[in-house]
Amino acid sequence: MEIKKYLLLALGAMLLLFSCKKDTTITTTNLPVVEAYLVAGHVLSVKLYQQKSLTDTAKYGVAITGQQLTVSDGSNSVQLTEGTKGTYTYSDTTFLTTGKTYALTFKYLANTVTAKTTMPAKPQGFATQYISVSVAGASTPNIKPDTINRFTWTNPDSINHVLVFKNPDGIAFPLNNRGNSTITDFQINTERKSVYYVTPNIFPFYGHYKVILLRVNQEYIDLLKSNTSRSTSQNLVNTPTNVVNGFGIFTAMQADTLSFNVL
């Protein structure tokens with residue numbers, strides 16, 4: 001599963017704003033931006049960027065190179081290797097496992113940057129009521145849309161889960177007025193529940209959807225629930241982060257995936 005690719009698509013706008021800082025006459029601390037999604041059984045990867053101005057049209061700030069990043073699981077510490085500029089990895093896929101707490105540490109300028117996250121268990125019992133559903137199109141504003149499918153999973157402890165919907169078919173066939181957008185992929189906070197009912201109105205386009213159930217930590221939910229996607233230069237300071245002496249996110253998650261067709 002290309003879990004990290006889906007996450008980048010889903011959170012790209014929010015992470016971009018982590019890289020931004022206000023244009024003011026006051027000198028601000030030049031803190032690094034950290035981007036890391038740890039997934040059990042996958043390569044550990046951490047990206048580092050410099051902050052940038054909101055007027056900078058680049059997607060991210062300049063990559064931060066030449067750093068020595070260490071990640072500990074409480075028993076063992078490993079040093080990450082820089083490959084692509086600003087991307088640091090540890091290739092042993094057995095290092096990231098369920099239940100362990102991972103601590104990131106590195107020095108940047110005069111600061112020690114740290115962050116912690118715990119690897120949650122893999123989602124259990126993920127199922128869909130229907131594999132394919134045929135829909136007539138968008139509902140009118142005065143008519144409540146009908147439920148077309150139900151996604152369920154096991155969650156007796158009310159743990160955080162997020163549903164990610166990815167449509168690789170593109171934007172050729174809009175389903176409703178949301179189809180005026182060019183965004184084919186989206187994610188939904190399930191509010192710690194074990195079921196999610198979908199209606200035609202949440203899907204911008206017809207097509208084949210990969211539906212990914214993520215079991216996530218609170219730092220991911222805090223970012224998802226923030227006003228980041230609506231941020232301006234006046235409220236960027238409210239962007240949540242779990243990085244000490246830095247910005248961004250260092251989080252862990254596990255996933256299960258199934259298919260769903262909107263015809």
Side-chain angles (χ1 to χ4, degrees), residues 1 3-4 6-15 17-18 35-40 98-99 101 116-131 133 135 138-139 141 143-167 175-176 178 181 183-205 209-231 235 238-242 248-260 262:
M1 293 180 293
I3 301 169
K4 292 184 180 179
Y6 299 158
L7 291 172
L8 290 176
L9 289 168
L11 284 175
M14 288 189 281
L15 289 172
L17 287 170
F18 270 135
E35 178 188 333
Y37 303 104
L38 280 54
V39 181
T98 300
T101 297
K116 285 186 177 181
T117 190
T118 300
M119 182 65 68
K122 185 179 177 66
Q124 299 294 317
F126 188 33
T128 176
Q129 184 178 12
Y130 303 113
I131 296 175
V133 170
V135 296
S139 301
I143 299 176
K144 185 177 180 180
D146 293 329
T147 296
I148 60 171
N149 199 13
R150 182 184 71 234
F151 295 99
T152 56
W153 54 94
T154 303
N155 193 20
D157 298 322
S158 298
I159 295 170
N160 286 313
H161 289 78
V162 169
L163 282 170
V164 178
F165 293 83
K166 176 175 173 58
N167 180 357
L175 191 151
N176 53 43
R178 284 191 61 197
S181 168
I183 299 174
T184 59
D185 309 321
F186 56 96
Q187 63 179 322
I188 295 169
N189 177 10
T190 65
E191 306 289 348
R192 297 179 178 266
K193 297 175 183 176
S194 59
V195 60
Y196 190 81
Y197 297 92
V198 297
T199 66
N201 283 1
I202 78 164
F203 296 100
F205 303 98
Y209 284 84
K210 287 290 186 183
V211 186
I212 306 160
L213 179 66
L214 301 174
R215 180 171 286 187
V216 299
N217 295 322
Q218 189 60 42
E219 64 266 12
Y220 188 94
I221 295 296
D222 291 342
L223 177 60
L224 191 61
K225 292 173 67 174
S226 75
N227 64 352
T228 312
S229 61
R230 300 180 298 276
S231 291
N235 63 9
N238 295 325
T239 304
T241 179
N242 67 328
I249 188 167
F250 181 78
T251 191
M253 60 192 63
Q254 294 212 54
D256 198 1
T257 306
L258 51 77
S259 296
F260 177 56
V262 180

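Keep in mind that the numbers below use all heavy atoms, side chains included, and drop hydrogens, waters and symmetry copies.
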Colleague: Determine whether a donor-acceptor pair (N or O, by modelled atom type, separation under 3.5 Å) exists between the side chain of Asn217 and the backbone of Ala252.
Modeller: yes

Colleague: OG1/Thr117 to CD1/Ile249 distance, rounded to the nearest 0.5 angstrom?
Modeller: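 Thr117 atom OG1 to Ile249 atom CD1 measures 8.0 Å (nearest 0.5 Å).
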
Colleague: With sequence neighbours left out, what residues match Thr251 under side-chain hydrogen bond (donor to acceptor under 3.5 Å, both in side chains)?
Modeller: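 Thr251: side-chain hydrogen bond (donor to acceptor under 3.5 Å, both in side chains) contacts with Glu219.
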
Colleague: Who passes side-chain hydrogen bond (donor to acceptor under 3.5 Å, both in side chains) against Asn149, sequence neighbours left out?
Modeller: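 For Asn149 the side-chain hydrogen bond (donor to acceptor under 3.5 Å, both in side chains) partners, ignoring immediate neighbours, are Thr128.
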
Colleague: Thr98 and Ala121: which non-hydrogen atoms are nearest, and at how many Å?
Modeller: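 Closest heavy-atom pair between Thr98 and Ala121: CG2-CA, 3.6 Å.
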
Colleague: Any side-chain heavy atom of Lys166 sitting closer than 4.5 Å to one from Thr184?
Modeller: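 No, their side chains stay 4.5 Å or more apart.
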
Colleague: Please step through side chain to side chain contact (heavy atoms under 4.5 Å, CB included) for the pair Phe126 and Thr257, ending with a clear verdict.
Modeller: CA-CA 8 Å; Phe126 188 33; Thr257 306; 5.9 Å; no

Colleague: Can a donor-acceptor pair be found, under 3.5 Å and without considering hydrogens, that links the side chain of Asn155 to the backbone of Lys193?
Modeller: yes

Colleague: Can you name the closest pair of heavy atoms from Pro123 and Ala255 and give their distance?
Modeller: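 Looking at all heavy atoms of both residues, the shortest contact is CD-N, 3.8 Å.
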
Colleague: Could you pull out all residues at least two apart from Tyr196 that satisfy ring-ring contact (aromatic ring centres under 6.0 Å, His included)?
Modeller: none

Colleague: Show your working on side chain to side chain contact (heavy atoms under 4.5 Å, CB included) between Tyr130 and Ile148 and close with a plain yes or no.
Modeller: CA-CA 8 Å; Tyr130 303 113; Ile148 60 171; over 6 Å; no

Colleague: Specify the closest pair of heavy atoms between Thr241 and Gly248, including all atoms of both residues, with the distance to one decimal.
Modeller: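 Residues Thr241 and Gly248, closest heavy atoms: OG1-O, 2.7 Å.
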
Colleague: Residues in side-chain hydrogen bond (donor to acceptor under 3.5 Å, both in side chains) with Thr154, at least two apart?
Modeller: none

Colleague: Tell me, do Leu175 and Phe205 make a side-chain contact under 4.5 Å, heavy atoms counted?
Modeller: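 No, every pair of side-chain atoms sits at 4.5 Å or beyond.
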
Colleague: Looking at Asp256 and Lys122, would you say the former's side chain and the latter's main chain have a donor-acceptor pair under 3.5 Å?
Modeller: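 No; judged by distance alone, with no hydrogens or angles, the pair does not exist.
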
Colleague: On a heavy-atom basis, which atom in Pro200 and which in Asp146 lie closest, and how many Å separate them?
Modeller: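 The pair with the smallest heavy-atom distance is CD-O, 3.2 Å.
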
Colleague: Among all residues two or more places apart in sequence or in another chain, which pass the side-chain hydrogen bond (donor to acceptor under 3.5 Å, both in side chains) test with Gln218?
Modeller: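 Gln218 satisfies side-chain hydrogen bond (donor to acceptor under 3.5 Å, both in side chains) with Asn160, Arg192, Asp222 only.
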
Colleague: Using modelled atom types only, decide if a donor and an acceptor are shared between the side chain of Asp185 and the backbone of Asn167 within a distance under 3.5 Å.
Modeller: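 Yes, Asp185 side chain to Asn167 backbone: donor-acceptor pair under 3.5 Å.
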
Colleague: Supply the atom-to-atom distance Tyr220 OH to Asn189 CG, rounded to the nearest 0.5 angstrom.
Modeller: 10.0 Å

Colleague: Which residues pass the ring-ring contact (aromatic ring centres under 6.0 Å, His included) test with Phe260, sequence neighbours left out?
Modeller: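 Phe260 satisfies ring-ring contact (aromatic ring centres under 6.0 Å, His included) with Phe151, Phe203 only.
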
Colleague: Please check this pair: side chain of Gln254 against backbone of Pro120, looking for a donor-acceptor N/O pair closer than 3.5 Å.
Modeller: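 Checked: pair present.
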
Colleague: Any chance you could lay out the side chain to side chain contact (heavy atoms under 4.5 Å, CB included) test for Ile159 and His161, step after step, and finish with the verdict?
Modeller: CA-CA 6 Å; Ile159 295 170; His161 289 78; 4.1 Å; yes

Colleague: Taking Thr152 for its side chain and Val195 for its backbone only, find out whether a donor-acceptor pair lies under 3.5 Å.
Modeller: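 It does not hold such a pair.
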
Colleague: Are Phe186 and Ile202 packed together at the side-chain level, in the sense that at least one heavy-atom pair is separated by less than 4.5 angstrom?
Modeller: yes

Colleague: A side-chain contact here means heavy atoms from C-beta on lying under 4.5 Å apart; do Val162 and Ile221 qualify?
Modeller: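 In contact.
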
